[in-house]
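See structure below.
In the text below, chain A, chain B and the rest are named by the order of the sequence lines, each starting its count at 1.
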There are 2 protein chains.
Amino acid sequence: MALPPPLPASPDPPRPRRRIPEATVARLPVYLRSLLEVEAEGQTTVSSERLAEMAGVNAAKVRKDLSYLGSYGTRGVGYDVEYLLFQMNRELGLTHDWPVVIVGIGNLGQALANYGGFGDRGFPVAALVDADPQRVGQKVGDIAIQDVDSLPALVRDQGVAIGVIATPATAAQEVADRLVSAGISSILNFAPALVTVPAGVSLRKVDLAVELQILSFYQQRRT
Amino acid sequence: MALPPPLPASPDPPRPRRRIPEATVARLPVYLRSLLEVEAEGQTTVSSERLAEMAGVNAAKVRKDLSYLGSYGTRGVGYDVEYLLFQMNRELGLTHDWPVVIVGIGNLGQALANYGGFGDRGFPVAALVDADPQRVGQKVGDIAIQDVDSLPALVRDQGVAIGVIATPATAAQEVADRLVSAGISSILNFAPALVTVPAGVSLRKVDLAVELQILSFYQQRRT
DNA sequence: ATGTGTGAATCGGTTCACAGCC
DNA sequence: GGCTGTGAACCGATTCACACAT
């Protein structure tokens, strides 16, 4: 399976569009990071063994995961670093930036706004939004805080595609609803609350208290 | 199975110590949060159906999960809120505080230090640590930043049990090693890097870039 | 009648092991 | 000989469905 068999008269490159397991999707960014390291080392090729070691998984899993993207490896050799990087970036949709809006500019929201880690990696913080009229107009870094009502305009005019919820728990669902109705279909929720979204909208959550409580459970058990 | 059969002459209350699946452990904090809400509403009893709705899972899962803690429900009635809260807190090790040390007081570290969400929920930020001599001695809120070398003393004298890594990726493994050798066996890693720890040490990771990239994948696919 | 507790069926994901290709 | 790609076996977790307790 060296080259994909040329489909009969297909006008533009048909994307594979295989169904990729959720667990695999969650690991792709980790492989991407590993590949970038390998690239930085100047290696032109890399084995599943090596990638596995760098990503903290086993080699069989790497091979199976990568096989969902297509047959991009060479038997007896390994994976071409550049080529795999290209495919991975394409698959993850990282060929262009995804502007982000942060909603709720309290302690955590400000921190996320200042945190460089977003912009670096293709997720520039395009806007900050808060429901508190007192905060609207204030600046964090060089971005002014806007009213919640400006969400639809942000989506329309700035192409904001991802919403980050950093409000108190009580406001989270309301904010999510407004994000969705403004046309945002990817949400990252930091509020310690259950948020539900319609089908077709992606939702990920990060709950620091939950993480600490999980650690507490195992710590407790050890002693 | 109303009462656990009395074991022959066991001197002190034998904890159940059943093996609890990892996936279940990760949901216990969510049930806890839901229970606290139910308690606040003044309900004295709650069904698996209701808890499921609040936690965003289905009722069968709630029942199975709770059954790992013991048979704390009453058929035809539901779960006693207070009693279940007590058991849950005990199981999660939340009957006392777990002091936390944050390592790496850059943007993210400072944010986490200021973020109230930790202390409120039984995880007081007991200390801040940074490798940069320039930062040592400075204060964030009312906590002074200490040198990395003070980690063993923090564990010994202040009972710090959980380490939070908020350093750049390059320092993460080194910091983890120092936390472990200082006697810390629960680590929450925010650095975008693979960190490995010896058996017997718990490690959870939160990688914001990874979360965004996962969202990007699905966003990409939709369009 | 109601709602838990739990075996049994099912499902998604991981690991094994080897055929296939370089 | 070396390393990928992938069916098959396996494993943990989820869901089903119902016996059982109140």
- Message: Is it the case that the ring center of A:Y83 lies less than 6.0 angstrom away from the ring center of A:Y72?
- Response: yes

- For the side chain of A:Y79, counting heavy atoms from C-beta on, which of D:dC16, C:dG13, D:dG5 is nearest? D:dG5

- Query: CZ of A:F123 to CG of A:L188: how many Å apart, nearest 0.5 Å?
  - Reply: 10.0 Å

- When all nucleic acid strands are considered with a 4.0 Å heavy-atom cut-off, which category describes A:R27: base, sugar-phosphate, or nothing? sugar-phosphate

- Query: Within this structure, what is the OH-to-C1' distance between A:Y83 and D:dT4, rounded to whole angstrom?
  - Reply: 15 Å

- Task: Output the single nucleotide from C:dT6, C:dT14, C:dG3 whose closest atom is nearest the side chain of A:K64.
- Result: C:dT14

- Message: By the 4.0 Å heavy-atom rule, please label A:E22 as base, sugar-phosphate, or nothing.
- Response: sugar-phosphate

- Message: For B:E49, I'd like to know if atom CD has over 12 heavy atoms of other residues, nucleotides or ligands within 6.0 Å.
- Response: no

- Using whole Å, report how far OH of A:Y72 lies from C1' of D:dC3. 19 Å

- Message: Please report the distance, rounded to the nearest Å, between CG in B:D80 and P in D:dT22.
- Response: 15 Å

- Is it true that B:R50 and B:E41 make a salt bridge, defined as a side-chain N closer than 4.0 Å to a carboxylate O? yes

- Item | Phosphate-side-chain proximity, B:Y68 and D:dG12, N/O vs OP1/OP2 below 4.0 Å | no

- Task: State whether the distance check finds a donor on one side and an acceptor on the other, under 3.5 Å, for side chain B:R75 versus base D:dT22.
- Result: no

- Message: Rounding to an integer number of Å, can you tell me how far A:E49 CD sits from D:dT4 P?
- Response: 8 Å

- Message: Return whichever of A:T24 or A:V77 has its heavy-atom-nearest nucleotide of DNA chain C closer to the 5' end.
- Response: A:T24

- Message: Can you tell me if B:K61 touches the phosphate of D:dT15, counting only side-chain N or O atoms and a distance under 4.0 Å to OP1 or OP2?
- Response: yes

- Are A:E211 and B:K205 within salt-bridge range, i.e. N to O under 4.0 Å? no

- Can you tell me if the side-chain N/O atoms of A:S48 get under 4.0 Å from OP1 or OP2 in D:dT4? yes

- Task: Would you mind reading off the distance between B:N58 atom CG and C:dG5 atom P, rounded to a whole angstrom?
- Result: 16 Å

- Query: Between atom CG in A:L84 and atom C1' in D:dT4, what is the gap in whole Å?
  - Reply: 12 Å

- Task: In whole angstrom, give the distance that lies between atom CZ of B:R63 and atom P of D:dC20.
- Result: 16 Å

- For atom CD1 of B:I20 and atom P of C:dG5, their distance in whole Å: 14 Å

